[in-house]
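To keep things clear, I will list the structure first and then write my remarks on it.
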Amino acid sequence: MEKRKLVGIFLICINIFGFLSWLFPESSGVLGRIFVDFLKNFFGIYLIPFVVIQGLAIYYLLRGKILEKEFLALGLYLISLFSLFTVFIKFFNLYKYEGELGRLLLNIFPYIGFFGYIIFSIATLTIAVFLLPPPKSKVSIKKEKNKKVNLDLETQKISDRSFEKTTKKNLKRE
């Protein structure tokens with residue numbers, strides 16, 4: 001089995017362990033409680049976008065081929081979401097949900113400001129979208145395949161007609 005698939009399976013197991021430890025704290029043991037407390041204290045509300053982006057990363061790890069630009073795009077999505085969450089925490093005074101990561105990002109807030117965070121978030125989101133556009137639907141893929149088949153048939157018909165004309169001309173000359 002490939003290394004990336006093993007990493008993906010390991011991350012799934014860690015996520016399941018964390019989720020069950022959070023859901024059933026009395027049954028999770030000491031390690032489970034420590035793990036959940038660490039996640040809550042470090043990430044705070046930032047755990048929501050982190051888990052979503054981590055889920056997408058696991059998907060790309062388990063999928064057939066992997067591209068570096070996909071992980072770069074996921075990192076940019078994560079940074080963009082973190083900066084948006086920082087703006088929401090500051091704007092709505094949600095400091096009790098910030099966690100250590102939030103404290104760090106909010107310490108940068110006086111230097112960048114509200115509009116700086118918004119512009120930074122939009123810029124990173126735009127770059128991420130260009131690196132990793134949304135997947136095409138199956139319907140559009142089928143249409144593209146049908147167009148290619150139709151084009152191939154048209155090309156075949158044209159080449160058949162030109163072959164017939166060429167052979168008729170050659171037969172008339174003889």
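Along the sequence shown, residues carry numbers from 1.
- There is no path of hydrophobic side-chain contacts, each under 4.5 Å, that joins I34 to I16.
- Residue R33 comes nearest to P25 through the heavy atom pair NH1-O, 3.3 Å, listed as atom of the first residue, atom of the second, then distance.
- Remark: Y97 engages no residue in a ring-ring contact (aromatic ring centres under 6.0 Å, His included) (not counting sequence neighbours).
- The line from CG of L62 to CD1 of I9 is 6.0 Å long, rounded to the nearest 0.5 Å.
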Solution key, residues 41-49 side-chain donor-acceptor pairs under 3.5 Å, sequence neighbours excluded:
unit_1 : atom_1 : unit_2 : atom_2 : d
N41    : ND2    : D37    : O      : 3.1
Y46    : OH     : T86    : OG1    : 2.7

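- Residue Y111 is not grouped with residue I89 when hydrophobic side chains (ILVMFWY) are merged at heavy-atom distances under 4.5 angstrom, including chains of intermediate members.
- A side-chain contact (heavy atoms from CB on, under 4.5 Å) with Q54 holds for exactly one of I12, I14, N15; it is N15.
- Cluster annotation: V52 and W22 are assigned to distinct hydrophobic clusters (Ile/Leu/Val/Met/Phe/Trp/Tyr, side-chain heavy-atom contacts under 4.5 Å, transitive).
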Exercise. Kindly determine whether I119 and I112 satisfy side-chain contact (heavy atoms from CB on, under 4.5 Å), including the steps that lead there.
Key: CA-CA 10 Å; I119 291 170; I112 298 175; over 6 Å; no

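- Smallest separation of non-hydrogen atoms from P110 and N107: CD-O, 3.3 Å.
- When atom types are taken as modelled, the side chain of S80 and the backbone of L76 share no donor-acceptor pair closer than 3.5 angstrom.
- Taken together through direct or relayed side-chain contacts under 4.5 Å among Ile, Leu, Val, Met, Phe, Trp and Tyr, I79 and F82 form parts of separate hydrophobic clusters.
- Scanning for salt bridge (Lys or Arg N to Asp or Glu O under 4.0 Å) contacts around R103 gives E98, E100, with sequence neighbours left out.
- Heavy atoms only, all atoms of each residue included: A73 and L131 are closest at CB-CB, 3.8 Å.
- Residue F19 qualifies as open at atom CZ: its count of foreign heavy atoms under 6.0 Å is 12 or below.
- Note on L125 and F120: separate hydrophobic clusters, where clusters join Ile, Leu, Val, Met, Phe, Trp and Tyr whose side-chain heavy atoms are under 4.5 Å apart, directly or indirectly.
- By the 4.5 Å heavy-atom criterion applied to side chains, V36 and K40 are counted as neighbours.
- Side chain of R4 to main chain of R63: a donor-acceptor pair is present (N/O by atom type, distance under 3.5 Å, no hydrogens or angles).
- The side-chain contact (heavy atoms from CB on, under 4.5 Å) test with S121 singles out one residue from V87, L84, L81, and that residue is L84.
- Minimum heavy-atom separation, Y117 to L106: OH-N, 4.5 Å.
- The minimum heavy-atom distance linking F88 with L94 is given by the pair O-CD1, 4.2 Å.
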